[in-house]
Amino acid sequence: MTLRVAILISGSGSNMMALAESMVGDHPARPCLVISDVPRVAGFAKAESLDIPTICVNRRLYENRAEFEAKLLETLSYYLPDIICLAGFMRILSPNFVEQWEGRLLNIHPSLLPLYTGLNTHARAIEAGDAYAGCTVHEVTAALDGGPILGQERVPVQSDDTPETLAARILPLEHKLYPEVLRRVADNDRRIIHRP
Ligand code: GRF
């Protein structure tokens, strides 16, 4: 049975593309839908270039998070995904949403979790004088960026790094790691990928 993967984005969608382009050949999953919470994101044109349906559930049109998430769940219910990948999706999902998808909801976060949950991760790693920075793919639970870790990649922080240069070195690792983890999850193999 082919697994169906919905990918949620808020912007450029480069991780979404890496995921979508990996689901070919004998891969057990295929992308079934890309949702953005922001209209006219660059990621939509990319998804459409691969013939993946795109839907905007515009957060601004809903009074509160509960109404927004109800629409999100309704939209998902039409496409029957087995797995949801958050890929640069900039909304925090409520425990109610997360619990319905627990174990089947993945996220990529641009830090070596448990360090630096939330925003501005690269700046915080530089400020702290960390030797390494990186990215993490994890299961999403009600704890912000706190679910079980499924894979990590890291790079040395250089003395002249800015948040931008560090982000630019980490992003290609995200594009490698996320598809690898998704493949393992689709294969029902949740061993942690960790490359020192
Ligand atoms: C990535 O760095 C991801 O880790 C973070 O937001 C960025 C999204 O980039 N959560 P893109 O939309 O996948 O290009």
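When a ligand or atom number is given, it counts from 1 through the structure's own listing order. Source: prediction; values computed, not measured.
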Asks: Report yes or no: do Tyr116 and Asp130 form a side-chain donor-acceptor pair below 3.5 Å?
Replies: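 Indeed, the side chains of Tyr116 and Asp130 share at least one donor-acceptor pair under 3.5 Å.
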Asks: Below 4.0 Å from any atom of ligand 1, is there a heavy atom belonging to Ile108?
Replies: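 Right, Ile108 reaches ligand 1.
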Asks: For ligand 1, which atoms sit closer than 4.0 Å to a heavy atom of Glu174?
Replies: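 Near Glu174, meaning under 4.0 Å from one of its heavy atoms, ligand 1 has 1 (C), 2 (O), 3 (C), 4 (O).
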Asks: I'd like to know if Asp26 and Arg183 make a salt bridge, using a cut-off of under 4.0 Å between side-chain N and carboxylate O.
Replies: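 A salt bridge links Asp26 with Arg183.
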Asks: Inspect the contact between Arg124 and Glu127 and indicate whether a charged nitrogen and a carboxylate oxygen are less than 4.0 angstrom apart.
Replies: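 No, this pair does not count.
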Asks: Suppose we measure from atom 13 (O) of ligand 1 to each protein heavy atom; which comes out shortest, and what is that distance?
Replies: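 Its nearest protein heavy-atom neighbour is Asn15 N, 2.8 Å.
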Asks: Of the backbone atoms (N, CA, C, O) and the side-chain heavy atoms from C-beta on, which set of Met90 has a member under 4.0 Å from an atom of ligand 1: side chain, backbone, both, or neither?
Replies: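 Neither part.
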Asks: Would you say the side-chain atoms of Thr121 pair up with the backbone N or O of Pro110, donor to acceptor, closer than 3.5 Å?
Replies: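 Flag set: sc Thr121 to bb Pro110 pair under 3.5 Å.
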Asks: Does this structure show an ion pair linking Asp37 with Arg59, if we count only N-O contacts that are shorter than 4.0 Å?
Replies: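 Looking at Arg59 together with Asp37, the answer is no, because their closest N to O distance does not fall below 4.0 Å.
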Asks: Is there a heavy atom of Gly13 sitting under 4.0 angstrom from any atom of ligand 1?
Replies: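 Contact check Gly13 vs ligand 1: positive.
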Asks: Is any NZ, NE, NH1 or NH2 atom of the basic residue among Arg91 and Glu69 found under 4.0 Å from an Asp or Glu carboxylate oxygen of the other?
Replies: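 Judged by the 4.0 Å cut-off on N to carboxylate O distance, Arg91 and Glu69 do not form a salt bridge.
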Asks: Report, in ascending order of atom number, the atoms of ligand 1 lying under 4.0 Å from any heavy atom of Ser12.
Replies: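 This gives 11 (P), 12 (O), 14 (O) as the contact atoms.
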Asks: Of all the non-hydrogen atoms in the protein, which one sits nearest to atom 8 (C) of ligand 1, and at what distance?
Replies: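 Ranked first by proximity to atom 8 (C) of ligand 1 is Gly88 CA, 3.6 Å.
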